Amino acid sequence: MLQLQTIRENKAALVTALKKRNIDADEMLSKVLSLDEKRRATQTELDNTLAESNKLSKEIGQLFKTGNVQEANALKEKTASLKEASKKLTETLNVAAEELHKLLYQIPNVPHESVPAGNTDADNEEVFRKGDIPKLSGDALPHWELAKKFDLIDFELGVKVTGAGFPIYKGKGAQLQRALISYFLDKNTEAGYTEVQVPHLVNEASGYGTGQLPDKEGQMYHVTADDLYLIPTAEVPITNMFRDELLSATDLPIQLTGYTPCFRREAGSYGAHVRGLNRLHQFDKVEIVRIEDPANSYKALDGMVEHVKGILDELKLPYRILRLCGGDLGFTSALTYDFEVFSTAQDRWLEISSVSNFETYQANRLKLRVKDADGKKQLAHTLNGSALALPRVLAGLLENYQTENGIKVPEVLVPYCGFEHID
RNA sequence: GGAGGAAUGGCAGAGUGGUCGAAUGCGGCAGUCUUGAAAACUGUUGAGGGUCACACCUCCGGGGGUUCGAAUCCCUCUUCCUCCGCCA
């Protein structure tokens, strides 16, 4: 969430910047300021009451010590009204603080200055494109047909076992998927990311920490018996490793990578665009996460983008990079680059990675701070990106690498899966 | 799942109702000494709110309660340890 101090100091600038998201935050921010004012005034009043009450208690203690019981009892009576006053003030304070928090949770991150204006994904700005789109023969198949033809993925069987959107990978399909995971993790660790294995369920506090809650409440699977959420991305457990941490500047940068399955309810999604591997309830993803000094975070973001580019270059997939417009930008992000692979047989672009800088937005919720050599404390910047999301990469590979007599395996993956060809 | 024990500052570890934000040790930082370093010695060293700065307030796993007053007593939750049971 946004920092109160920033709102106090720069409200007008924030309102202007948030217009890129097509929202008018003026009223909300004014409300925040008035609630903050109220909260602080109440706090001061409460502090004074408590101070007085503390003073009296000490006096009473002294009187008891010196055997002055009568006077002590007289003073005791005086504390009753203070007690009642502080109780009331505490209630007022809690109500104001809660209202303030609720409101702050509803305000999205402020877009970076480079974020283009716009409403939908049509307004995203293409900043890079690379790779030749293969010329396929007329009878080229979409990946779900290929998956069936070569018995790589069984969507219907997944429906039986669980439901739609939970495919079952088989044989070389499963092996190829495993190869991709290993390959991605190796690329990431070579680039300086430390591999971690994290829980696939998280508690409510973690959901709030990275901003999935309360904004995307309905998008996560909720295990009510234990009040845990299935992770929609490894970002949640990995970034929350640093919740309530005060890091030393010398700890930075922190670079982590992890493979996890991701679970998304995708409520409201349907139609042709969710066919095959395009949109699933469970999918695999290798994530990269960085905790950075605010001064370095955009350099780090560029580094992450270059890193993902390197992987796609090696896989020889045609891709483009988009800078998301204000309307398409995620709630918690300040700047996001989406990577899309061209799916030749479907004749459309598929999002396979999203690389974002959240600046202090998550760190503020997480209470993730950095102390520099002078002992000065400030919120850290958090970043993350997919490197990469599996299903659509697989879809792109199957479709773009299909030949008349099967599917070729990209060269870099051969050592990982042990075969060169699927037929 | 059952029975017991525990949770205190970066770490270790005192503290069982009153000046305790908390002894002591280690670690960290600064200084003295030294060509430099180590050792030794001296000082300093938690977090949040609040203030121009002080004052002041809050925090001893989380929440609630008793009391004029709680790290200390009571209730509850969570986590960890030991024993038993179960188990990939």
Side-chain angles (χ1 to χ4, degrees), chain A residues 1-9 32-101 103-104 197-209 213 223-229 237 240-252 254 260-261 291 360 362-380:
Chain A
M1 61 192 162
L2 300 183
Q3 290 173 261
L4 264 175
Q5 206 189 332
T6 316
I7 302 175
R8 276 185 218 145
E9 288 164 5
V32 165
L33 288 180
S34 72
L35 277 170
D36 178 45
E37 198 82 24
K38 186 181 172 190
R39 198 209 82 222
R40 275 189 294 167
T42 312
Q43 180 81 62
T44 305
E45 209 181 327
L46 175 63
D47 285 356
N48 292 338
T49 311
L50 288 174
E52 207 173 319
S53 158
N54 286 345
K55 220 173 90 191
L56 278 177
S57 288
K58 279 179 188 171
E59 281 173 31
I60 292 169
Q62 279 304 321
L63 289 171
F64 271 123
K65 237 178 202 170
T66 53
N68 231 330
V69 180
Q70 249 184 352
E71 253 183 86
N73 284 330
L75 273 188
K76 265 197 201 181
E77 280 169 32
K78 278 176 75 177
T79 62
S81 63
L82 286 175
K83 225 179 159 182
E84 190 160 331
S86 68
K87 202 173 165 184
K88 270 189 187 151
L89 285 167
T90 305
E91 269 168 37
T92 314
L93 182 67
N94 288 343
V95 169
E98 199 185 320
E99 243 181 289
L100 180 61
H101 260 102
L103 198 55
L104 281 171
Q197 288 193 12
V198 291
H200 301 164
L201 287 106
V202 293
N203 56 32
E204 191 183 41
S206 292
Y208 273 95
L213 293 174
V223 182
T224 49
D226 297 289
D227 200 16
L228 296 171
Y229 294 86
N240 271 283
M241 286 164 60
F242 300 93
R243 176 150 44 83
D244 294 318
E245 291 289 328
L246 176 54
L247 301 172
S248 148
T250 53
D251 296 334
L252 300 182
I254 287 168
T260 69
I291 316 287
T360 59
Q362 290 183 328
N364 194 28
R365 289 191 179 191
L366 293 161
K367 295 195 177 67
L368 166 53
R369 293 161 302 151
V370 195
K371 182 149 77 170
D372 66 19
D374 303 324
K376 260 177 64 182
K377 282 164 276 223
Q378 61 175 339
L379 291 170

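Treat the numbers as computed from the prediction; the structure is a model and nothing was measured. Residue numbers start from 1 in every chain, and the chains themselves are labelled A, B, ... in the order their sequence lines are given, proteins ahead of strands.
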field: Closest to the A/Ser57 side chain, choosing from B/C57, B/A47, B/G69
entry: B/G69
query: Taking CG from A/Leu228 and C1' from B/U79, how many angstroms apart are they, rounded to a whole number?
result: 14 Å
query: Paired with B/A53 by Watson-Crick or G-U wobble geometry, both distances under 3.5 Å: which nucleotide is it?
result: none
field: C1' spacing across the pair B/U79 / B/C41, given as an integer number of angstrom
entry: 43 Å
task: Calculate the interatomic distance between A/Asp47 atom CG and B/G48 atom P; express it in whole Å.
output: 16 Å
query: C1' atom, B/U24 versus B/G15: distance in rounded Å?
result: 11 Å
field: A/Ile254 and A/Glu245, any side-chain heavy atoms less than 4.5 Å apart
entry: no
statement: For A/Asn240 and A/Arg243 the tightest heavy-atom approach is OD1-NE, 2.8 Å
statement: If pairing means Watson-Crick or G-U wobble with both distances under 3.5 Å, then the partner of B/U66 is none
Distance in angstrom units between A/Leu56 CG and B/G18 P, rounded: 19 Å
Nearest-angstrom distance, C1' atom, B/C87 to B/A6: 26 Å
task: Using atom NZ of A/Lys367 as one end and atom C1' of B/A47 as the other, report the distance to the nearest whole Å.
output: 12 Å
- line: Among the nucleotides B/G49, B/A47, B/G50, whichever has the atom closest to the side chain of A/Lys371 is B/A47
message: Need one value for A/Leu50: base, sugar-phosphate or nothing, where a base atom within 4.0 Å counts as base even if backbone is also close, heavy atoms only.
response: sugar-phosphate
field: Nearest-Å distance once atom C1' is located in both B/G25 and B/U16
entry: 23 Å
Residue matched to B/G4 through Watson-Crick or wobble contacts both under 3.5 angstrom: B/C81
- line: Nearest-nucleotide check on RNA chain B, A/Ser53 vs A/Gln43; residue mapping nearer the 5' end is A/Gln43
query: Rounding to the closest angstrom, what is the interatomic distance between B/A55 and B/G46 at atom P?
result: 14 Å
Verdict with reasoning, A/Leu368 to A/Gln362, per side-chain contact (heavy atoms from CB on, under 4.5 Å): CA-CA 8 Å; A/Leu368 166 53; A/Gln362 290 183 328; over 6 Å; no
- request: Could you check which nucleotide pairs with B/U24 in any of the strands shown, counting Watson-Crick or G-U wobble with both distances under 3.5 Å?
  value: B/A12
field: Base paired to B/A39 (Watson-Crick or G-U; both N/O distances under 3.5 angstrom)
entry: none
message: Please report the distance, rounded to the nearest Å, between CD1 in A/Ile60 and C1' in B/A70.
response: 15 Å
field: Donor-acceptor pair under 3.5 Å, A/Asn54 side chain vs B/G69 base
entry: no
- request: Dump the intermediate steps for side-chain contact (heavy atoms from CB on, under 4.5 Å) on A/Glu99 and A/Arg39, then the final yes or no.
  value: CA-CA 10 Å; A/Glu99 243 181 289; A/Arg39 198 209 82 222; over 6 Å; no
- request: Please determine, by modelled atom types, if A/Asp47 and A/Thr44 share a side-chain donor-acceptor pair under 3.5 angstrom.
  value: no
- request: Measure from CD on A/Glu245 to P on B/G48 and round the result to the nearest Å.
  value: 14 Å
query: Any side-chain N or O of A/Lys83 under 4.0 Å from OP1/OP2 of B/G69?
result: yes
Any side-chain donor near an acceptor of the partner, A/Glu77 and A/Asn73, under 3.5 Å: no
message: Taking only the C1' atom of each, what is the distance from B/C33 to B/G27 in whole angstrom?
response: 22 Å
Base paired to B/G17 (Watson-Crick or G-U; both N/O distances under 3.5 angstrom): none
field: A/Arg40 or A/Asn48, whichever maps to the more 5' nucleotide of RNA chain B
entry: A/Arg40
message: If you count every heavy atom of other residues, nucleotides or ligands that lies below 6.0 Å from A/Glu52 atom CD, does the total exceed 12?
response: no
P gap between B/C84 and B/G13, integer Å: 25 Å
- prompt: What does A/Thr79 touch in the nucleic acid at a heavy-atom separation under 4.0 angstrom: a base, only the sugar-phosphate, or nothing?
  reply: sugar-phosphate
query: Is the shortest side-chain N/O distance from A/Arg369 to OP1 or OP2 of B/G48 below 4.0 Å?
result: yes
- prompt: Which whole number of Å gives the distance between the C1' atom of B/A71 and that of B/G18?
  reply: 13 Å
A/Lys58 NZ to B/G18 P, straight-line distance once rounded to whole Å: 14 Å
query: Within the structure shown, what part of the strands sits under 4.0 Å from A/Lys377 by heavy-atom distance: base, sugar-phosphate, or nothing?
result: sugar-phosphate
- request: Could you check how far CG of A/Leu63 sits from C1' of B/C68, rounded to whole Å?
  value: 11 Å
